[in-house]
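All remarks here apply to the structure that follows.
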Amino acid sequence: MARWSHLASLAIALALLQAASSESWLYDQFTTDGNIRAYEASGQQVAMVSLDQHSGGGFNSKEKYLFGEFSIQMKLVPGNSAGTVSSLYLSSGEGDGHDEIDMEFMGNSSGQPVVLNTNVWANGDGKKEHQFDLWFDPAADYHTYTVIWNPKNIIFKVDENVIRCFKRYADLPYPDAKPMTVHATLWDGSYWATQKGKVPIDWSGAPFVVSYRGYSANACASGSSCPAGSDKWMNRQPDNAEWGTVAWAERNYMRYNYCDDGWRFPQGFPGECSRN
Ligand SMILES: *[C@@H]1O[C@H](CO)[C@@H](O)[C@H](O)[C@H]1NC(C)=O
């Protein structure tokens, strides 16, 4: 009996410790911008970012990373979200020759599909979009969005489904040398996001709100060694089943593929388009 209660209190103490560490991910790991506040729900810290006519909001990691597995749960803007863009992205910073890995959610009129834009920038070149209609209502509940960035490829996941793999080819640009910070933002993308800018934000629905929770990063902080567990993602490439979900997403939900957009590349498609 005494042993059991010791064990029980140890378990409770550990659970509390764990709760405490997940509770404070926002202010521990990020600086914040604009309209953002944090609250607790079911023992988890939720970062609520909002957009009104004056400002959007977001958070930016304090640490810079070179490779990692990053994931977060997001519940997107409900109802008429046309013109709003929310995101999870990594960036090496402003300026020429920068690297970036993007997941951007382009809002839409009520009932119309929200489009997930995935993109990779290498040395300032970022015309590498794959866009997908989301096959569920991303505002009805939280879904998990993941980026795995390693020296071999960049893998994009929606919940358990790999939807894209951007491979590295030795002779083509790839983000592999510039440390990146992690960002999440909500902003007014009226000028381009929804039906190429034709549908502006309806401010009567403001404030627009996106909720983020369950952030996790297993990533190599630049300048220090990689954390325990990095072997799980450092060499990770999609397996056959995961290439299957990529094909499934492309077949059923792909809305745009830069490698099909000849109009945009009059001098010829980027090199990776003809590989695989
Ligand atoms: C919004 O809905 C329209 C109509 O279904 C669709 O053509 C468009 O791709 C959707 N997404 C965006 C971001 O415009």
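In listed order, ligands and their atoms are each counted from 1.
- Side-chain rings of His130 and Tyr256 stay apart, their centers remaining 6.0 Å or farther from each other.
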Taking distance alone, no hydrogens or angles, what donor-acceptor pairs closer than 3.5 Å link side-chain atoms of residues 222-231 to residues at least two apart or in another chain?
from	atom 1	to	atom 2	distance (Å)
Ser224	OG	Ala221	O	3.4
Ser230	OG	Pro227	O	3.0

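- Pocket lining of ligand 1, defined as residues with a non-hydrogen atom under 4.0 Å away: Met106, Gly107, Asn108, Gln112, Pro113, Val115, Ala193, Thr194, Gln195, Arg255.
- Residues Val158 and Trp243 fall within the same hydrophobic cluster, defined by Ile, Leu, Val, Met, Phe, Trp and Tyr side chains chained together at heavy-atom separations under 4.5 Å.
- When each of Tyr27, Tyr89, Trp25 is tested with Phe59 by the rule ring pair (Phe, Tyr, Trp, His ring centres under 6.0 Å), just one qualifies, namely Trp25.
- Tyr65 has its ring centre less than 6.0 Å from the ring centre of Phe70.
- Remark: Arg255 fails to qualify as a cation-pi partner of Phe132 under the 6.0 Å distance and 45° angle criteria applied to the six-membered ring.
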